[in-house]
Participant: 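Take a look at this one; I'll ask things after.
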Amino acid sequence: MTPRFAEVIMPLPIEGTFTYSVPEELSSIVKIGMRVVVTFGTHRLYTGIIQYLHLIPPDTKNVKPIFSLLDEEAILIRPQLDFWEWMATYYMASLGDVYVAALPSGLRLENETLIRRNPEVDKTLSFSSRESRIWNAISEDRACSIQELIKRTESKHAVVWIKSLMDKKAVIVSQTITDTYKPRTISMVKAAFNKDNEQEVQTIFERLKRAEKQLSLLITYLDLSQLLSKQETKPVSKQTLLEKSGASVAVLNGLVDKKILQLYDQPVSRLTHEITTPLQEAASLNLFQTKAYQSLLDEWKTKQTVLLHGVTSSGKTEIYIHAIQKVIALGRQVLYLVPEIALTTQLTHRLARVFGSKLGIYHSKFNDNERIEVWKNLLHREGLQIILGARSSIFLPFHDLGLVIIDEEHETSYKQQDSAPRYHARDAAIMLAHLHSAKVLLGTATPSIETYQNALSGKYGFVELKQRYEGITLPRVASVDLKEAFRKKQTAGHFSDTLIEAISGALSRREQVILFHNRRGYAPYVECPQCAYVPKCKYCDVSLTYHKQQHKLICHYCGFSQPLPDRCPSCGNNSLKIKGLGTEKIEDEVSQFFPNAKISRLDLDVANTRKGFERIITAFEQHETDILIGTQMVAKGLDFANVSLVGVLNADVLFHYPDFRAHERAFQLLSQVSGRSGRKGKQGNVLIQTMDPNHAVLPQVIAHDYISMFRTQMKERYEFCYPPYYRLIVINLRHKDENTVHHASERLAKQLRKLFSDRVLGPEIPPIGRLHSWYMRTLLLKIESNRSSNAAKKMLKETIAELQAEAPFQSVQINFDVDPM
DNA sequence: AGCACGCCGACT
DNA sequence: GTCGGCGTGCTC
Ligand SMILES: [Zn+2]
Ligand SMILES: [Zn+2]
């Protein structure tokens with residue numbers, strides 16, 4: 001078939017695709033998955049993606065042709081486009097949103113508008129003063145971008161004046177598309193003379209008689225390149241030549257000036273790891289690992305997805321490596337997903353030692369050129385077989401995925417939070433694996449409730465690895481009653497005397513200490529200092545959040561609110577405390593108590609760059625620092641050999657997150673930080689400070705009892721209608737006018753209740769109810785797990801379409817968070 | 001998302 | 001009057 005029309009995905013948050021006609025000269029070469037340049041709107045050029053080709057004219061009158069093709073072959077392959085479509089539907093985002101999230105931005109060429117003076121301008125034209133200002137700002141001989149002109153004229157309204165100049169035909173406006181991808185090149189040296197012409201070679205040596213250094217450099221070059229021998233000429237880089245000859249750049253430039261040697265740029269890959277040692281065999285598995293690996297293979301015979309529940313330090317990574325080897329031996333590919341924060345050099349080096357150049361790393365913080373090279377390498381099957389990557393690596397062009405490993409599957413950072421599509425990389429990766437008929441391995445020491453339920457129900461296979469490495473015992477975990485310590489005045493700052501003594505003890509034995517301190521962010525809560533009571537929503541079972549402006553306690557799920565009580569409803573104490581507002585200076589306190597200890601801090605402020613993060617970690621690893629104070633970051637995927645004590649300063653913050661997963665997450669986090677304590681031969685200690693030593697999660701953490709946590713949580717999830725029994729969809733509404741968004745949300749809630757009755761919660765004012773002059777409301781929809789979520793999403797979309805058909809609500813912006821975390 | 005169009009108040 | 005503010009609607 002000769003296609004006449006193309007459905008093009010645009011990099012914009014608009015529903016659907018746009019139909020462009022295929023010009024005749026392109027009709028034989030266009031293919032699905034190619035990038036095209038198209039005009040969209042008045043002038044703008046965009047890079048779109050061809051989703052379909054067909055023959056059916058659209059019913060719009062104005063069909064534009066494809067402006068040009070950017071690719072000779074498709075840059076996206078079939079499974080990817082199917083995957084995009086699934087993601088857009090499931091997460092209720094537009095295909096354009098998925099496109100923007102999926103493709104490295106360097107492959108999405110940006111439009112640039114250029115303005116130049118019209119050389120044939122009518123000299124009799126008169127300009128207004130503002131027009132002249134623009135005219136004078138345009139360079140005489142060169143085209144300028146709009147941004148340049150705005151800067152030069154210091155006027156935000158330059159655009160309007162450019163337009164009036166354009167109307168007078170005084171300037172020419174053109175659109176260009178610029179490619180930002182630049183291959184890395186190295187400077188190479190080659191001969192500028194004909195080596196087979198003996199005469200010429202002779203003359204050169206004559207000429208260099210009085211230039212001793214140049215002659216010696218030339219000889220080094222001939223030596224390295226074997227130019228005059230019968231063997232094949234070897235390429236020589238400028239750097240090698242200068243190093244081997246010991247000559248300066250000036251000497252080389254002399255030869256270049258004399259047209260004896262010549263420099264040229266050679267593109268090189270950015271993907272080469274520094275592999276100094278030869279590849280190593282994978283470590284062999286111990287008895288327990290072997291057993292686990294065998295049952296893993298057994299489970300895969302009947303199940304696509306298998307949960308590997310292995311305690312910390314049980315050696316899950318070795319099992320992963322063995323599974324990877326098996327899959328790549330068949331010529332298939334592997335995606336190894338880790339949470340962003342766990343993508344450390346510790347891990348990449350470990351894998352690179354075994355897999356060498358078959359291993360590729362992919363990470364959203366990587367520079368775009370590197371990401372493009374990984375993309376193209378996979379696309380053109382140039383050798384990468386294993387991708388170790390964070391969330392966004394699910395979008396890479398895998399031709400034949402055989403295995404997807406999702407490490408730390410319970411990690412909430414797998415969920416994209418801030419912008420659409422709000423996908424969960426674990427769930428999306430399982431779907432991706434399904435499209436490739438690939439196996440999935442979910443690994444964790446503390447499975448998410450949803451995953452564990454799937455494993456118990458038989459939907460997933462299930463393998464347990466309970467044995468830690470020999471000589472490594474689980475740490476001794478204990479809680480410290482802060483309330484009592486305060487009463488007995490056995491505290492200093494945020495520290496109980498018990499914790500301070502434990503730290504001193506560890507330091508005196510030359511052992512290291514990790515202090516875990518979680519920040520609170522935007523959700524302050526209220527606590528009774530006497531009995532540690534924290535008010536909860538009676539409908540949703542989550543902690544109420546204190547709202548300063550309204551001086552109220554509000555449930556951020558259903559919107560239930562109550563005034564701040566005067567007395568504690570539990571013990572009658574009359575001074576409830578607002579927690580989580582202060583900026584605690586833990587670091588200062590520690591250095592005050594332990595003036596001789598070397599202390600470092602690891603949180604988002606300090607470790608906002610990968611390098612900063614690695615530096616702090618390495619220093620602690622090598623015992624250059626004694627105490628590491630950190631947020632969640634210290635809990636993730638880091639192994640330290642000499643840590644004997646982990647102190648949790650304020651576990652209560654974890655217990656009282658206004659989130660139905662608070663209990664689960666507290667268990668996971670406390671178990672994980674505990675796992676940092678104790679190494680070969682030494683049992684570690686963990687001290688958890690809390691105002692509420694009777695909190696149900698504490699005995700579970702202390703006894704390392706995942707099952708009991710799972711059971712109690714499942715009961716609560718059932719009772720209060722949460723996953724895994726229900727699926728959740730958050731509906732966010734925003735508008736510049738508070739009244740409008742208020743009425744829109746009330747109206748939407750009313751309409752939805754007709755369809756979903758009491759499964760609709762809200763509307764509610766979110767913790768940050770106003771963002772950059774936008775007012776927000778949220779609704780929460782709960783759908784029974786056994787009901788079709790597709791049908792529910794369709795009904796939801798229809799209801800919203802009806803709402804937005806009404807004039808005042810047209811401009812209300814609505815987005816969704818499916819399976820929120 | 002960007003961009004044009006169109007309506008309205010506030011300055012020359 | 002016109003300048004420049006912003007709300008509204010459309011883009012194949
Ligand atoms: Zn509630
Ligand atoms: Zn009380």
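Letters go in sequence order (proteins before strands), and every chain restarts at 1.
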Participant: Taking A:E738 first and then A:R777, would you say they form a salt bridge - that is, a charged N and a carboxylate O separated by under 4.0 Å?
Facilitator: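 Salt bridge present between A:E738 and A:R777.
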Participant: Over how many whole Å does the gap from A:M10 atom CE to B:dA1 atom C1' extend?
Facilitator: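 After rounding, the reported distance stands at 10 Å.
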Participant: Write down the distance between CG (A:N739) and C1' (C:dG7), rounded to a whole number of angstrom.
Facilitator: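 Those two atoms, CG and C1', are 17 Å apart.
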Participant: Nearest whole Å is fine: how far is C:dC12 C1' from A:E15 CD?
Facilitator: 15 Å
Participant: Please determine, by modelled atom types, if A:D819 and A:Y90 share a side-chain donor-acceptor pair under 3.5 angstrom.
Facilitator: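 A:Y90 and A:D819 do have a side-chain donor-acceptor pair below 3.5 Å.
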Participant: Using a heavy-atom cut-off of 4.0 Å across all strands, would you classify A:T39 as base, sugar-phosphate, or nothing?
Facilitator: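 Sugar-phosphate, no base atom in range.
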Participant: Side chains of A:Q813 and A:H735: any donor to acceptor distance under 3.5 Å?
Facilitator: no
Participant: Could you check which of B:dG2, C:dC12, C:dT11 has an atom nearest any side-chain atom of A:Y46?
Facilitator: B:dG2
Participant: Using the ring centroid of each side chain, check whether A:F5 and A:Y20 are separated by less than 6.0 Å.
Facilitator: no
Participant: Nearest of B:dG2, B:dA4, C:dC12 to any side-chain atom of A:T42?
Facilitator: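 Of all the options, the side chain of A:T42 is nearest to B:dA4.
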Participant: Once you round it to whole Å, what is the distance between C1' of C:dC10 and NZ of A:K61?
Facilitator: 12 Å
Participant: Would you tell me if any nitrogen or oxygen in the side chain of A:Q810 comes within less than 4.0 Å of OP1 or OP2 on C:dG9?
Facilitator: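 Answer yes for this pair, as a side-chain N or O of A:Q810 is under 4.0 Å from OP1 or OP2.
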Participant: Checking all strands, does A:F40 fall into the base, sugar-phosphate, or nothing category for heavy-atom contacts under 4.0 angstrom?
Facilitator: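 Base contact.
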Participant: Roughly, in whole Å, what's the span from NE2 in A:H735 to P in C:dT8?
Facilitator: 7 Å
Participant: What is the nucleic acid contact for A:T19, judged by heavy atoms within less than 4.0 Å: base, sugar-phosphate only, or nothing?
Facilitator: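 Touches a base.
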Participant: Any side-chain N or O of A:R44 under 4.0 Å from OP1/OP2 of C:dT11?
Facilitator: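 Checking A:R44 against C:dT11: no side-chain N or O falls below 4.0 Å of OP1 or OP2.
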Participant: A:Q804 CD to C:dG9 C1': how many Å, rounded?
Facilitator: 13 Å
Participant: Could you list all the ring-ring contact (aromatic ring centres under 6.0 Å, His included) pairs where at least one residue sits in residues 56-79 of chain A, not counting sequence neighbours?
Facilitator: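 The answer is none; no pair qualifies.
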Participant: Round to a whole Å and report the spacing from CG of A:L95 to P of C:dC12.
Facilitator: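 Nearest whole value for this atom pair: 18 Å.
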Participant: Whole-Å distance between C:dT11 P and A:N62 CG?
Facilitator: 8 Å
